[in-house]
Q: 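For reference, the structure I am asking about is given below.
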Amino acid sequence: MAISHLILLVLFTFEVMGAKVPKFSRSPENDFGDCAGFCWCRRDSIKCQRANTLESIPILSSEEERSLVTKIFIEHQAGFRILSEDQLKFYPNVEKITIQNSGLHIITPNAFQFTRKLKEINIRHNQLSVLQWRLFKGLKLMELSIDGNPIICNCSAKWIQKLANSEKKILGPLWDQVSCIDPVNPTSTALLMNVTIPNCELPKVYVMPEKIIINESQSADLICSASGDPPLSVYWNTTSLASNHTVGDFELLGMIDYVNGSEDMFSSFSFDSNDTVQVLSLYQSSGEDNGIVSCIAENDVGQETARVFLEIHAVPKIIEMKVAKNFYWCINYQVTGFPKPERKWYFNNQPLKNNNLIQDLENAWTMKNSYLADGCLQLERASQVNDGFYTLVASNTFGTVNHSIDAKFHQDLVVIAHPTYIPQGRFPPTISTNGKNSESEKKGKTSILVSTLLIAAVVSVFVITVVCLVQWRKYRHSPDGPNEGNSPWFFLCPERGRNRLRTERIPLNPSQMIVNPNYSKESNKESIIEIHHIAREKISFVHTLGEGAFGRVFLGTVDYLTPDEPTTLVAVKTLKNNEVEDIKMEFEREAELLANLQHTNIIKFYGVSTDGEALMMIFEYMEHGDLNNFLRDRAPHNDNSAIEVNKYPELTIPDLIHIACQIATGMDYLASQHFVHRDLATRNCLVGDQLVVKIGDFGMSRDVYSTDYYRVGRHNMLPIRWMPPESILYRKFTTESDIWSFGVVMWEIFTFGKQPWYELSNHEVIQHVTTQKILPRPHKCPEDIYLLMLACWKTRPHERMTMKNLYAELQLLSTTRDTEYLEVVD
């Protein structure tokens with residue numbers, strides 16, 4: 001008993017003195033899995049710190065639990081000597097690995113082949129003497145910390161030296177402290193970035209010819225030669241080649257006739273005896289291979305690439321033509337050929353010209369493809385008038401091809417019978433065989449006519465009775481009492497009931513609204529909010545835009561949303577679990593709130609639809625999606641061919657100021673309405689045509705951008721990277737906390753969508769923000785813009801610049817867009 005009391009006393013003393021008592025069990029709420037008794041396994045991480053208890057990464061028993069792990073932290077494990085793919089293959093979603101102050105001696109060549117999401121690797125203070133660059137080939141690492149290892153000063157360390165002396169500072173905070181050991185004198189160490197390593201350079205690689213022009217189905221030989229010290233290997237990247245091909249040594253080079261040359265073309269291409277040569281032979285070349293094929297040479301220092309441009313002439317071919325209905329009617333087609341064929345359309349043998357209603361649209365992903373055209377002939381208002389023969393003629397300098405299709409765009413009407421409707425039977429015509437039957441035929445026709453009229457009369461009386469009962473129930477339960485607008489017989493008096501039929505609105509119960517203390521009670525007392533109701537049959541769905549915890553968001557259309565617009569593109573937010581009363585009440589409260597927000601930089605709310613199986617909210621559609629993805633796609637040096645290159649291919653500093661200015665005026669409006677957003681970020685702003693930016697939140701961001709949120713408890717997700725200290729510490733959200741978030745949004749804009757504090761974990765972010773640390777100035781961000789960010793990040797909320805003043809300052813800066821910022825952009 002005395003010993004147990006002594007142990008408790010020691011542990012209590014540790015806690016009082018601020019020391020950390022090691023924990024190796026699982027928390028009952030947030031932890032899971034079997035960690036071999038030596039580790040602490042949280043929902044997304046494995047942490048092993050009990051000294052000298054592990055020889056490899058522990059493997060959780062459940063595959064589902066393993067898929068959730070994004071961080072692995074191991075230290076003080078002298079017996080942990082080998083890191084291999086056999087250990088890491090169980091954790092394909094891991095993003096950060098830390099193995100430090102341990103005995104790690106070997107990393108196998110394919111250790112990271114199953115962990116392609118890795119962003120950070122920390123292997124400091126281990127026993128690694130050799131680190132090959134090939135270990136990390138293909139990984140998009142943001143940080144690689146390797147100091148404290150006995151790395152040998154030879155060619156295998158040259159790539160680390162080059163990385164330390166480059167502008168890519170990914171070798172951790174101590175990149176300039178990486179040292180190496182003299183291979184001749186093991187007791188001598190020096191800073192790697194200052195060591196001279198002789199006879200150790202990147203390979204040099206050449207190709208011949210650099211451009212080749214042949215016709216489809218012809219053959220060609222491409223020669224690649226490389227030299228360098230240390231020894232190297234050479235290979236052609238043939239993964240995307242559609243042509244039949246072989247790769248071999250120079251001695252196997254065949255004598256092939258060329259369109260633009262002959263065998264003498266190789267006479268100027270001399271080889272050194274020490275060169276490594278590889279020949280790529282193409283047989284029956286395919287036009288699909290138009291473009292670049294690469295030859296790669298690599299050694300212990302790194303790799304170099306040389307490229308050959310293939311120009312394979314091909315006659316046009318029409319691969320596909322078919323009629324399809326997407327949002328509009330389309331005749332989908334695929335055309336191949338090089339040079340890229342010109343396309344002409346004919347309708348019933350007459351030339352068809354592009355106009356506002358009929359357009360030949362090529363898909364964005366093939367616009368840069370010099371061989372393939374994939375698109376559709378789009379008809380915005382197709383009808384029976386447009387039915388007929390459509391002919392596509394494709395031609396280039398090597399030939400012409402055409403193909404026709406008999407297109408039908410109209411749809412037959414489908415009659416759907418009401419349950420109370422009795423369809424009239426189809427009777428076969430009576431065939432007279434002789435004159436004796438004529439009288440009986442007349443009697444039969446008369447009886448059929450009487451029966452039909454009787455059935456029609458019964459159905460009519462039944463329908464009228466049902467309608468009258470329904471109207472009477474509405475009349476009795478009407479909160480407005482008897483008047484002209486809600487008379488149960490208004491359907492018989494169209495002039496008296498016209499005002500009731502003109503609008504489709506649903507008055508929601510004001511008693512269910514949350515009263516905002518910033519408003520006076522008098523202003524809320526008589527307010528009755530009406531929400532525009534949109535009939536379900538007017539809504540059509542095109543495709544899914546995203547999915548969140550609440551439900552889905554679809555791209556859709558609404559017929560005659562406004563009197564002068566037959567069809568309007570919209571975003572439709574659906575609601576899951578609409579049978580739960582709390583969710584329905586929340587739906588009504590959100591609709592009431594959105595109906596009151598009317599501003600050019602707030603997403604437009606059209607109304608609700610409640611007469612279907614799912615509750616739906618209808619918003620305007622913003623064609624370029626959320627601002628975060630919009631910025632990332634257009635970041636400098638980002639080679640993204642999938643974006644619409646014709647619309648804002650490059651964002652300038654004035655463009656970024658214009659974006660920030662629009663968000664500021666939208667937030668100023670929300671502040672004037674005493675509305676606190678609580679989740680302002682670029683992911684919750686939407687981009688439309690003409691670079692119009694609007695604030696909105698469909699509720700998807702917590703699922704799509706899950707790493708931007710920090711889970712508190714089981715259900716609460718907080719965007720702590722955008723939150724001020726008072727919101728993190730006390731859960732206090734005010735207009736001033738939105739101003740802090742706006743400063744972070746400006747930082748996002750001028751870093752082209754980077755995640756704030758991307759180098760830190762959520763716990764580290766909380767520590768930084770609550771200890772008054774701030775985000776650094778983004779690269780090439782103007783000084784006066786950064787000063788506005790600092791004005792948003794004052795520790796005391798009342799000292800932060802107001803949103804109105806922020807908007808005024810940004811608007812003033814936007815007037816200098818063409819002069820003051822030219823130097824910064826360059």
Side-chain angles (χ1 to χ4, degrees), residues 70 95 119 544-555 571 573 590 594 597 601-605 617 619-635 638 640 642-643 648 651 655-656 658-664 666-667 670 675-688 691-712 716-724 727-728 733 737-760 762 765 769 775 778 789 792:
T70 59
E95 298 178 0
K119 297 178 181 178
T544 304
L545 294 175
E547 184 168 1
F550 61 86
R552 291 183 179 181
V553 173
F554 297 89
L555 171 64
K573 172 182 173 181
E590 184 177 351
L594 292 171
L597 299 178
N601 294 108
I602 303 296
I603 196 73
K604 186 181 294 183
F605 173 63
M617 289 185 179
F619 297 88
E620 68 176 311
Y621 172 64
M622 306 292 282
E623 61 179 290
H624 293 299
D626 70 78
L627 177 58
N628 188 268
N629 271 320
F630 183 83
L631 291 168
R632 285 174 178 264
D633 287 342
R634 289 154 181 83
N638 183 16
N640 190 346
I643 65 173
Y648 325 117
L651 294 175
D655 290 331
L656 301 180
H658 178 59
I659 291 171
C661 195
Q662 293 180 82
I663 299 174
M667 290 303 298
L670 292 181
F675 179 84
V676 180
H677 193 288
R678 299 188 8 148
D679 195 9
L680 179 64
T682 55
R683 63 181 173 272
N684 287 329
C685 297
L686 301 169
V687 185
L691 205 59
V692 173
V693 179
K694 300 191 179 187
I695 301 167
D697 178 9
F698 288 148
M700 290 188 298
S701 54
R702 288 165 181 80
D703 295 271
V704 179
Y705 294 94
S706 58
T707 58
D708 287 348
Y709 292 86
Y710 174 63
R711 184 178 294 278
V712 180
N716 294 329
M717 300 280 284
L718 296 177
I720 60 166
R721 297 172 187 270
W722 286 260
M723 288 166 53
S727 298
I728 293 176
F733 295 92
S737 65
D738 276 350
I739 293 172
W740 178 289
S741 300
F742 177 73
V744 182
V745 167
M746 284 199 291
W747 188 90
E748 284 187 276
I749 292 171
F750 283 87
T751 58
F752 289 90
K754 285 186 178 180
Q755 184 189 54
W757 305 109
Y758 60 85
E759 71 276 22
L760 303 179
N762 287 323
V765 171
V769 174
L775 290 162
M789 297 182 199
C792 298

Q: Is there a side-chain contact between Phe750 and Met789 (heavy atoms, below 4.5 Å)?
A: yes
Q: Residues two or more places apart in sequence or in another chain: which of them pass ring-ring contact (aromatic ring centres under 6.0 Å, His included) with Phe752?
A: none
Q: To the nearest 0.5 Å, what is the distance between CG (Leu597) and CD1 (Ile602)?
A: 6.5 Å
Q: For the residue pair Met723 and Trp740, what are the closest heavy atoms and their distance?
A: O-NE1, 3.4 Å
Q: Hey, does the side chain of Asp679 reach the backbone of Asn684 with a donor-acceptor pair shorter than 3.5 angstrom?
A: no
Q: Which atoms form the tightest heavy-atom contact between Trp722 and Ser741, and what is the distance?
A: O-OG, 2.8 Å
Q: Set out, in order, the CA-CA distance, both residues' side-chain angles and the distance that settles side-chain contact (heavy atoms from CB on, under 4.5 Å) for Val687 and Met622, then state yes or no.
A: CA-CA 6 Å; Val687 185; Met622 306 292 282; 5.8 Å; no
Q: Look up atom CZ in Arg721 and atom CD in Gln755, then write down how far apart they are to the nearest 0.5 Å.
A: 4.0 Å
Q: For the atom pair CD1 (Ile695) and NE2 (His677), what is the distance rounded to the nearest 0.5 Å?
A: 6.5 Å
Q: Provide the closest heavy-atom pair for Phe675 versus Asp738 in the form atom of the first, atom of the second, distance.
A: O-OD2, 4.2 Å
Q: List for me each residue that meets side chain to side chain donor-acceptor pair (under 3.5 Å) alongside Lys694, sequence neighbours excluded, and say none if there are none.
A: Glu620
Q: Please give me the minimum heavy-atom distance between Thr751 and Pro778, naming the atom from each residue.
A: CG2-CB, 3.5 Å
Q: Mind checking what makes ring-ring contact (aromatic ring centres under 6.0 Å, His included) contact with Phe733, not counting sequence neighbours?
A: none
Q: Looking at every non-hydrogen atom in both residues, tell me the closest pair between Ile739 and Cys792 and how far apart they are.
A: O-CB, 3.4 Å
Q: Between Ile728 and Ile720, which heavy-atom pair has the shortest distance, and what is it?
A: CD1-O, 3.9 Å
Q: Below 4.5 Å, heavy atoms only, C-beta onward: do Thr682 and Phe630 meet side chain to side chain?
A: no
Q: Give, for atom CZ of Arg683 and atom CG of Asp626, the distance between the pair rounded to the nearest 0.5 Å.
A: 9.5 Å
Q: Against Glu748, only a single residue in Leu775, Leu627, Asn628 fulfils side chain to side chain contact (heavy atoms under 4.5 Å, CB included); can you say which?
A: Asn628
Q: Give, for atom CG of Leu686 and atom OH of Tyr621, the distance between the pair rounded to the nearest 0.5 Å.
A: 10.0 Å
Q: Kindly determine whether Phe619 and Leu594 satisfy side-chain contact (heavy atoms from CB on, under 4.5 Å), including the steps that lead there.
A: CA-CA 10 Å; Phe619 297 88; Leu594 292 171; 3.6 Å; yes
Q: Which value, rounded to the nearest 0.5 Å, describes the distance between Leu656 atom CG and Cys661 atom SG?
A: 12.5 Å
